[in-house]
Amino acid sequence: MNRRYFLALTAGAAFAMVAAAPFAATAADPIKIANVIELSGAGATVGTNWRDGLTLAFEEINAAGGLLGQSVEVLNYDTQTDAPTSRAMVQKAIDDGAYVILGPIYSGTVKVNMLVAQQNGVPQLTGAEAPFITGMGNPYIFRTSFGAQQSMPKLAKYLSEKAGTKTVAVAWSNDDFGKGGRDSFVAEMEKHGIQVVADISSEVGQADFAADVVKLKGSGAEAIFVYLHEEESARLLKEIRKQDVKQAIFGETTLMNQKVIDLAGDAVNGVRGHVGLTADAPVPGIEDFVKKFEAKYKYKPDHNAIKAYTGAYAVKFVTNKIGKADRQAFADALHNLTITPAEEPGILMETSWDDKGEINRESFLVEVVDGKQKVIETLPKL
Amino acid sequence: MNARANFLAILAAVAVLAVLPSSLSTYSVYVLCSWMVFSIAAMGLNLTLGFAGQVSLAQAAFMGIGAYTTALMTMAGIPWPLAMIAAAVECFLIGLVLGYPALRVQHHFLAFVTLAFNALVFLVLRNEEWLTGGTYGVVGIPRPSVLGFSTNQQTGFYYVVFGFFLVLSAVLYGILRSPWGRAFQALRENPIRANSLGVDIRRMTLLAFAIGSAYGGIAGGLLGQLVQFIDPNSFTLTISLKVLLMVIVGGAGYFFGPYLGALLVILMPEFLRFTEGYYLMLYALLVIVLMISCPKGLLGIVDRIKLSIKLRQNPSATAWEQGK
Amino acid sequence: MNPVLSVKGVSKHFGGLKAVDDVTFEVRRGEILGLIGPNGSGKSTLFNCILGQLPASGGKVEVDGRDVAGLRPCDLNLLGVGRTFQMLQVFPEMTVLENIILAGQEHKGTMFSRLFGKPDAGLTDEAKRMIEFFRLTHQTNEKAGSLSYGQQKLLDAAMAFMAGPKLVLLDEPAGGVNLTMLAHLKERLKAFNEERGATFVVIEHNMEFVMSLCTRIIVLANGRIIAEGEPEAVRNDPQVIEAYLGG
Amino acid sequence: MTEFIQLLISGLATGSIYALAAIGFTLLWQASQTINFAQGEFVMLPAFFVLAGMHFLGLGFGPAILLALVASLLILGLTFKRVIIDPLLPHGVLPVVIATIALGILMKESVKQFYSAEAQPFPALFSERTITVLGAVVSVQDIAVLLISLSAVGLLQFFLTGTKTGRCMQATAQNPAVAEILGVNVKRMILYTFLINAALALLASVLISPIYLAKFNNGETLGLIAFIAAIVGGFNQIRGAIAGGLLIGVIDNLAAAYVSAQYRSAIPLILLIIIILIRPQGLLGKAEGRTV
């Protein structure tokens, strides 16, 4: 019996030592940037893109002399796409002395961990797109891409004014990504007087979209709006082509993603939609970035890699601007700031942040033609 | 015997845990809190599975039910002690109901039923948005205030969790020492013989589920307050399997198994973090190696060492013990 | 005075097979009744019907004048019927003392007093006496699974006796036990019967054991009672010899 | 009506894939009482063997499949049995459950780390051309998948009942002790079962990946559904797994179309619970000997 307790006690002591280890940090450390991101669990794919984009950016920044003459150390923390873990990881990043936190992408996890960053006054550049992120009056949160409440109006305007749509069917992924997009989209439809005649959710990882497509087809809607993750988008599009659905198909960023095109092939042709950031944007900076990224990682980046890359350069630009690695000054400086590629090439496109941390850039209306994104129209900054 | 030494060892451990937060970073205190919360959930499962022998893969579902109950009640202005009690009672009752299949089927079939139950609870939590907030979850769950002291600081809340941890450990110890504990163990080892000795196996089976589930509910309530956010994803089957892992790795049927198991499962990623992208692979490998080398869990090793000492002293110990 | 156990016309059919066919007998207080018969004669099925493990196809079983139809094994035990099984049935991971206390605890107090009362339900002393009675004192704190086979048989019997039952049904107590241990077991059973007036029904293959232990014997063949009486009389009954040799 | 037929046929096609994964469960359970929680990953992995053969070794599709077969047999069959199952089986179901869960994580993470976190397109074995049956659109691929799954099961059934080795395997599954006495090499028979499971996993992987795409975490959903299918159909019967797989495929579609898309995955779960409580051996299964 005694041995059992002894074991427990030893483990407890070992634990105490490990837990106390973060305190051993010394003063001469490089500037620490925390990358709190989904590296396992449901968000592993987007998180990996993000991490690679971020790593690429900071390698370049370090190679060019770092920040304020100091090198940058990127610390990676895996949220496991799990809210409690993400909170713990943000806390750990702060305990480890992170200057700025980048990530995560899943809105649900950001919802909780942004509070921790706020309490500790640490600026956080997130990849999340759910509307509420910037609506909570948190002065330390900044987006790296459009919130759904910004991108959906652009799409809605296109649907109602250019395409003349009166009725629409929505297919969405039943998780916080899909639900967030769906809710914003439906709200916009109401504003534009477009009727949502079918509202169809699907599961992440769903294999068979026959039932979804049967319902979409039978809904009588003039247009179909699809808001699913890449693989499910590809499966749905294939099924849509199979069942010979005639309605026009619209999407937001993900649906026209190169990944979806690779996976679904011809089935994506003719799909139109709004794209916030895309690796196929006809912007010289993005084209260069994609080349560098592909050379290093042997795969084509998605918009999450671009978000992280530009986020990293925003950190660089702001830090150099304020001339010190100060969290409060950073947060203050990034509000109502515009960075142009002329000032900082790594930002890729002219980007502004407003007083809530919301982002603003040009975006694109695209159509997929012959397995390539074709930009129909470049939409100006709001 | 060495009951006194045991007692002193426990006292020392409690004392260490009581003073530890003052010398730890906020993050480490947070990790300690989640260790204790998951220990509570694992203690409950250890009662159901380790002592009473009823396989349950639904502990996360009860954590979820407990978490949502406490969160929604406290946010509606109901005092947190009432909310915690409500969560425990609710999970106790649902646990009773979930125990019914165990009267009909055992072992793997029971595992399947509880697994399906967990998946169903997830769907309800996600789909019934009017009540649970759906996919978005519930944010801003208040932390309890104790005797007028707020526990919004991590250390303050640590002592709330620590209090629950101690009391629930003591309660479980009391149950296991009582005739109920003996009946649970008899249920695991030989239900038919137990029945013929007057043990009402139906009642004990249901109770094993109900008490284990109530522990899950309390753990869930604490988890919600710790994270201050809950969403359906925190209570999936994966989390149930994680709690199961804690129980088995620590040693099912050993009182201290869940504590050790939870410590390991929560801290192992911490130890392995230096391997960056490989840490989950190493983690999985370690679990496999541990299972192969010691299927009865870590505390099973202790038993094995004791046996080998005994064998050295008395080589005639029976084959039955060696075969374990 | 009522018989302790009265079996009235009990039958058990499996499809067309009559495993037990209209069996009637009584067990008197303080006797040791042997139930014997060749393999497949229906002894175990009869046992299981009496104990409620199998629902009988017909007939009635009364314990102390009370109909026990529909009672679960645990209810029956609480009424004062103890039993052992053909296969060894101890709790191997529990100590001998714990095994014995378990066998008595459900007869003490209520469900709640068993949770909030003394951990041993106040049974330690009594349990130790029972352990001593069966000569297992040295093994008191050993795990039951580490005992020898014969010791486990003793423990098994001790558990059946712990709650002070009116009636104990022993299913092949002698099976697999070596000669020394067998003599010991028999002697203990007899002593228990004499000292405490306990009533036994014993199913057994081992003729020698039954003949020397029991005061009365019932012989089953093909599900029916073919003979009943004192050991000597049964031993010489031509029908019994026929059943065993001719079968 | 056309709608219904469409759902039915698509469901059958998807269901046949679930069935292939589900058979593995029943095989392993029969042969060695192993519950393989990594079964979904077993179906995920072989596609990556094929892809690795094609992209790293420059093999053609055919040779890459052969390579994948060898790799599957060695890793998912032999190594899995020798290294994980053999040492753990004597200790009951739970350690096996834990070890296979960990194995699933290991396989998933390895693919993510060493191949890619991205979904990969996979070459189709059959044309995606569609034909119209009773007003419902079906692709040639769907029909081919259904036919191949059914004939694989038919062959397996024939092998088990029509050949000496097969009968020895069945004897082993039903009663290893008796089989041993009858001179069956029980250990070898169990090994064969593991090898067959590995080969079926490869088959399922190659059939499913063109539709489902190859991705490291595909096994999570697939494993759970295959699991449900196996139980619903009958945990100890190969026929049962087929019936369960097809049934779940169809029910999933019908539930999504006619009950509730949000609760579509609840219907199979409820079915599972009801079946276990009413008929634990599954729809087509045989009752297992109770230990009581």
Side-chain angles (χ1 to χ4, degrees), chain A residues 1-9 11-16 18-23 39-42 48 51 76-78 80-96 106-109 111-113 115-116 119-120 130 132 136 174-180 183 201, chain B residues 1-3 5-6 9-10 12-13 16-17 20 23-32 34-35 126-127 129 134-137 139-140 152 154 223 226-231 233-234 238-239 251 254-256 259-260 263-264 267 269-271 273 276-277 279-280 298-299 301-303 305-306:
Chain A
M1 285 303 266
N2 206 11
R3 206 176 309 263
R4 216 179 282 171
Y5 298 139
F6 176 73
L7 203 65
L9 205 63
F15 167 75
V18 172
F23 279 113
L39 292 176
S40 57
T48 306
R51 181 197 61 195
N76 289 311
Y77 303 89
D78 181 8
Q80 302 175 14
T81 326
D82 170 55
T85 311
S86 85
R87 178 178 173 144
M89 289 302 120
V90 166
Q91 185 66 61
K92 182 165 170 58
I94 292 165
D95 284 358
D96 288 348
Y106 271 55
S107 307
T109 62
K111 199 180 215 173
V112 50
N113 63 45
L115 298 174
V116 180
Q119 276 166 16
N120 291 278
F132 62 80
M136 293 165 79
N174 202 342
D175 60 355
D176 75 304
F177 161 79
K179 187 77 166 53
D183 287 356
S201 71
Chain B
M1 277 236 307
N2 49 16
N6 288 344
I10 292 175
V16 168
L17 283 175
L20 211 50
S23 60
L24 290 182
S25 67
T26 318
Y27 165 72
S28 307
V29 174
Y30 182 92
V31 170
L32 262 186
S34 48
W35 167 61
R126 188 196 63 186
N127 292 345
E129 206 177 342
T135 308
Y136 299 142
V139 74
N152 279 332
Q154 208 62 266
L223 186 69
L226 173 68
V227 185
Q228 297 182 286
F229 170 78
I230 46 175
D231 68 345
N233 285 324
S234 303
T238 315
I239 308 296
Y254 293 94
F255 184 77
F256 287 99
Y259 304 88
L260 195 58
L263 191 72
L264 208 76
L267 276 194
E270 206 60 35
F271 285 115
R273 204 172 299 285
E276 295 272 325
Y279 86 98
L280 274 176
L298 284 172
L299 292 179
I301 298 180
V302 178
D303 261 10
I305 295 168
K306 270 204 259 181

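Keep in mind the model is a prediction, meaning the values are calculated, not measured.
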Hits for salt bridge (charged side-chain N to carboxylate O under 4.0 Å, His left out) against A/Arg87, two or more places apart or cross-chain, chain-then-number order -> none
The interface call for A/Ile94 against chain B, heavy-atom contacts under 4.5 Å, is neither
Output the distance between atom [atom1] ([X]) and atom [atom2] ([Y]), rounded to the nearest 0.5 Å.
X	Y	atom1	atom2	value
B/Asp231	A/Lys111	CG	NZ	8.5 Å
B/Phe229	A/Thr109	CZ	OG1	8.0 Å
B/Tyr27	A/Lys92	OH	NZ	5.0 Å
B/Tyr136	A/Lys179	OH	NZ	4.5 Å

If you count heavy-atom pairs under 4.5 Å between each of B/Thr238, B/Ile301, B/Asn127, B/Val139 and chain A, which one has the most?
B/Val139
Hey, which of B/Leu226, B/Asn233, B/Leu223 has the most heavy atom pairs under 4.5 Å with chain A?
B/Leu226
Compare every heavy atom of A/Asp95 with every heavy atom of B/Ser28, then report the nearest pair and how far apart it is.
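Answer, listing the atom of B/Ser28 first, then A/Asp95: N-OD2, 4.2 Å.
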For the residue pair A/Pro84 and B/Tyr30, what are the closest heavy atoms and their distance?
O-OH, 3.0 Å
With a 4.5 Å heavy-atom cut-off, do B/Arg126 and A/Asn174 have their side chains touching?
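Side-chain contact under 4.5 Å: yes.
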Would you say A/Asp176's side chain and B/Thr135's backbone share a donor-acceptor pair under 3.5 angstrom?
no
With a 4.5 Å cut-off on heavy-atom pairs, point out which of A/Gly108, A/Ala88, A/Ser40 contacts chain B the most.
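The residue among A/Gly108, A/Ala88, A/Ser40 with the greatest pair count is A/Ala88.
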So which residue, A/Ser201, A/Gly180, A/Ala93, ends up with the most heavy-atom pairs under 4.5 Å with chain B?
A/Gly180
